[in-house]
Amino acid sequence: MELPDLSGRTILVTGATSGVGRDGAVRLGGQGARVLVHGRDHERGAATVDAIEDAGGVATFYPADFTDLDAVRGLADTVREETDGLDVLCNNAGVYTTYRGRTEQGFGMIFGVNHVAPFVLTHGLADHLTADARVVNTASIAHRFADLDLGMVRRKRGLTGPAFERYCESKLCNVLFTRELARRLGPASTNCLHPGNIPGSNFAREIPFPLSLGVDALSALPSIPGLTDTVADGGQALARLAAAEDVAGVTGEYFDKQALADPARSAKNDTLARDLWDLTAELVGIDPELPSGPATRETNSDGRASRGVRIDVTEVGSDGESADATAENGTDEADLTTLDGVGPATAEALRAAGFDSVTAVRAASAEELTTTDGVGPARARRIKDSAEGA
Ligand SMILES: NC(=O)c1ccc[n+]([C@@H]2O[C@H](COP(=O)([O-])OP(=O)(O)OC[C@H]3O[C@@H](n4cnc5c(N)ncnc54)[C@H](OP(=O)(O)O)[C@@H]3O)[C@@H](O)[C@H]2O)c1
């Protein structure tokens, strides 16, 4: 695998203190990138920084415990303050634990660390990503064994059941997150991967006895073709998605190590992907829409880019009532949601951005108007500016 010169590129790798993330981070640093090394363990963090610097890169350790979303937000803030932009975000940190406790914000531990934390981090950094940025999410082949129940996620703030089930479900979340993120990013891209079956990482540290004996035995062996892989295999696959030229422009895909692969059927369910996105945003209390920046796409409801579309704000709602009348009648937010799937937050944002009535978003040609579905305040302002300027 050939990686290009990465001098001048800034890359954040979460979970880079060990295993796949560490190996990938050192590879990327070896190509001259500035690597932001994330993890919890300071000693291992310092060791990764040293290894990157030995390989010719520049690195700094950024500790943050993903069991606390305040720490995740703090990490995003620090990265924003200390860098001019982010070229690659590798959401790689992950945990497998039989511990049934909850994160600081009350999420199931595996769900919180493996899905909610990278969601919040990515959201917090979305407008800091450069135009051709890449987001790489470390998922797992384990997603194939998952059956995701969003009702349960809502009720329990995560998933219950045995650790293996919860882990598989969290990894399905990673693939679905990638799919939905791809719809929302552009020109930046995002992909996810199964890094291999890697007993040699620290991942199995919490696997209970006697299963741990088997993992220990396997980790002492070189890789067994078709059964196990090395940490280096995983790190290479991660680094490739992060930087290799042959995957530039590929987005929303799932890779099995370095090969493009077909994920499970449920992982290709766009409705599930979108519902998971919205539900996660709701549970953590953030706007589901990504803050706009060089990396984010203006998408319509079926995911097509709408950049540059001129929207003429004049007509009426589908019910035939005039826009103004509908707006006047729309005394509460619920009324506004009756319009073309535009939700209350969007409706408010459009009104705040200066539209006379929310039904304006239904106007002009129907095709163009669906592009405003999911619009947020910043984008609403741009739409208005472009409508006024055109
Ligand atoms: N190993 C496998 O066979 C395998 C297979 C498929 C997918 N994966 C995925 O690959 C990714 C990396 O796993 P790995 O095998 O390299 O395991 P690993 O050696 O245990 O590395 C996990 C990394 O995640 C970090 N991490 C764990 N919990 C965290 C938390 N609460 N807050 C912040 N960071 C945390 C760890 O940081 P500290 O060490 O500093 O705590 C470490 O850097 C995971 O997403 C995993 O699901 C692994």
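Excluded from the calculations below are hydrogen atoms, water molecules and symmetry mates; all remaining heavy atoms, backbone and side chain alike, are included. Read the numbers this way: they start at 1 and go in the same order the structure lists the ligands and their atoms. The chain is numbered in sequence order, starting from 1.
Ring to ring, F107 and H115 are not that close: their centroids are 6.0 angstrom or more apart.
Using a heavy-atom distance under 4.0 Å as the criterion, the protein contacts of ligand 1 are G15, A16, T17, S18, G19, V20, H38, G39, R40, D41, R44, A64, D65, F66, T67, N92, A93, G94, V113, T138, A139, S140, Y167, K171, H194, P195, G196, N197, I198, S201, N202, F203, R205.
Panel note: side chain W277, backbone L181; no donor-acceptor pair is recorded below 3.5 Å. One N or O on the side chain of T48 and one on the backbone of A16 form a donor-acceptor pair closer than 3.5 Å.
Put simply, the residue from V284, D68, L121 that forms a side chain to side chain contact (heavy atoms under 4.5 Å, CB included) with R73 is V284.
Between F66 and H38, the two ring planes are parallel [angle under 30°; tilted spans 30° to 60°].
Counting only residues at least two apart or in different chains, side-chain hydrogen bond (donor to acceptor under 3.5 Å, both in side chains) contacts with residues 230-244 comprise T230-D233, Q236-Q258, R240-D246.
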